[in-house]
Asks: 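Here it is: the structure, laid out below.
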Amino acid sequence: MKSPRFARAAVVVSIATIALTGCSAGAASYAILDRAPQPSDDTPASLPDYASENMDLSTARYVGEHDGTKLWLGEGKDTSTVCLLAYPDDENWLIGCGSEGEVDGTEVGRFRFQPDGDPAPEGGTEISANVFAFRQI
């Protein structure tokens, strides 16, 4: 018969395994970030150096364009985040980061980025599986 101490240790290990599995299974995923980079993924060379303060621009993947605003998803400098770069021109661009979120600016437009498998947001126009555009109000 196993000792009570061994039984307690087995229960703790089992609970820890279940807890860790639950955390990793629920992590946000963005499949586009797993594909190899292509020439079209290059972000604009005119972006200032501070554009990479929160986003690792080397991981950027081009996802499309909406009303003249080009869009890239990339990994955040904080490893648990993803960032969306919305770039209509050299003067007007925005980067938003999080596990999901929005980028919204008068000159840029309003965009939502979300993980793989999330349902399309109501009122959004699909740019890619992870990025949706919304009409400016």
Side-chain angles (χ1 to χ4, degrees):
M1 181 172 188
K2 295 179 185 172
S3 72
R5 184 185 327 178
F6 178 78
R8 278 193 300 259
V11 169
V12 170
V13 169
S14 296
I15 291 171
T17 301
I18 292 167
L20 291 174
T21 303
C23 289
S24 62
S29 67
Y30 289 79
I32 191 169
L33 299 178
D34 294 332
R35 75 162 167 76
Q38 302 168 358
S40 62
D41 294 327
D42 292 343
T43 56
S46 59
L47 281 173
D49 290 340
Y50 65 86
S52 64
E53 287 178 355
N54 294 315
M55 181 178 181
D56 181 353
L57 296 175
S58 71
T59 66
R61 299 296 182 263
Y62 183 71
V63 295
E65 184 174 340
H66 182 74
D67 287 344
T69 297
K70 294 179 180 178
L71 302 159
W72 288 264
L73 275 174
E75 295 175 8
K77 293 284 178 105
D78 176 344
T79 57
S80 64
T81 63
V82 171
C83 300
L84 177 68
L85 165 61
Y87 182 91
D89 58 52
D90 291 346
E91 300 296 318
N92 302 296
W93 55 270
L94 288 173
I95 294 176
C97 299
S99 58
E100 60 183 78
E102 289 193 10
V103 172
D104 190 353
T106 304
E107 301 297 325
V108 174
R110 183 172 161 232
F111 303 95
R112 174 168 180 71
F113 61 99
Q114 60 189 43
D116 296 338
D118 278 9
E122 189 174 318
T125 300
E126 185 174 327
I127 306 304
S128 77
N130 305 104
V131 178
F132 298 83
F134 295 87
R135 218 174 76 196
Q136 289 287 89
I137 299 174

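Throughout, numbering of the chain's residues begins at 1 and tracks the sequence.
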Asks: Share the residues that join Phe132 in a hydrophobic cluster, the rule being Ile, Leu, Val, Met, Phe, Trp or Tyr side chains under 4.5 Å apart at the heavy-atom level.
Replies: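 Phe134, all in the cluster of Phe132.
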
Asks: Run through the side-chain heavy atoms of Ile, Leu, Val, Met, Phe, Trp and Tyr, join any pair under 4.5 Å, and report what else lands in Leu84's cluster.
Replies: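 So far as hydrophobic clustering goes, Leu84 is joined with Tyr30, Ile32, Leu33, Val63, Leu71, Leu73, Val82, Leu94, Val103, Val108, Phe111, Phe113, Ile127, Val131.
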
Asks: Please round to the nearest 0.5 Å and tell me the distance separating atom OG of Ser29 and atom CG of Asp118.
Replies: 9.0 Å

Asks: How long is the gap from CD1 on Ile95 to CG on Leu47, to the nearest 0.5 Å?
Replies: 6.5 Å

Asks: Using the test side-chain hydrogen bond (donor to acceptor under 3.5 Å, both in side chains), find all partners of Glu107 that sit at least two apart in sequence or belong to another chain.
Replies: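 For Glu107, no residue satisfies side-chain hydrogen bond (donor to acceptor under 3.5 Å, both in side chains) once neighbours in sequence are set aside.
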
Asks: Can you list every side-chain hydrogen bond (donor to acceptor under 3.5 Å, both in side chains) pair that touches residues 122-133, not counting sequence neighbours?
Replies: Asp116-Asn130

Asks: With sequence neighbours excluded, give me every salt bridge (charged side-chain N to carboxylate O under 4.0 Å, His left out) pair touching residues 85-100.
Replies: Glu100-Arg112

Asks: Do you know the tightest heavy-atom contact between Ala133 and His66?
Replies: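 That closest heavy-atom pairing would be CB-CD2, 3.4 Å.
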
Asks: For residues 54-93, pull every pair meeting disulfide (SG to SG under 2.5 Å), keeping only residues two or more places apart or in separate chains.
Replies: Cys83-Cys97

Asks: In Å and rounded to the nearest 0.5 Å, what is the CG to CE distance from Leu85 to Met55?
Replies: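 Answer for the CG-CE pair, Leu85 versus Met55, is 5.5 Å.
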
Asks: Write out all pairs satisfying ring-ring contact (aromatic ring centres under 6.0 Å, His included) with one or both partners inside residues 31-55, taking only residues at least two apart or from two chains.
Replies: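 For residues 31-55: Tyr50-Trp93.
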
Asks: By side-chain hydrogen bond (donor to acceptor under 3.5 Å, both in side chains), which residues pair with Asp78, not counting sequence neighbours?
Replies: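 Here the qualifying residues are Ser80.
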
Asks: Looking at Pro121 and Gln114, what are the two nearest heavy atoms and their distance?
Replies: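 Result for this residue pair: CD-OE1, 3.7 Å.
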
Asks: Any pair with a residue in residues 45-56 that passes salt bridge (charged side-chain N to carboxylate O under 4.0 Å, His left out), sequence neighbours left out, goes on the list, sorted by first then second residue, please.
Replies: none

Asks: Sequence neighbours left out, cut at 3.5 Å: what donor-acceptor pairs do the side chains of residues 35-42 make with other protein atoms?
Replies:
{"residue": "Arg35", "atom": "NH1", "partner": "Asp41", "partner atom": "OD2", "Å": "2.7"}
{"residue": "Arg35", "atom": "NH2", "partner": "Asp41", "partner atom": "OD1", "Å": "2.8"}
{"residue": "Arg35", "atom": "NH2", "partner": "Asp41", "partner atom": "OD2", "Å": "3.4"}
{"residue": "Asp41", "atom": "OD1", "partner": "Tyr62", "partner atom": "N", "Å": "2.8"}
{"residue": "Asp41", "atom": "OD2", "partner": "Gln38", "partner atom": "N", "Å": "2.8"}

Asks: Which residue pairs satisfy the disulfide (SG to SG under 2.5 Å) criterion with at least one member in residues 98-128, sequence neighbours excluded?
Replies: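 Matches after skipping sequence neighbours: none remain.
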
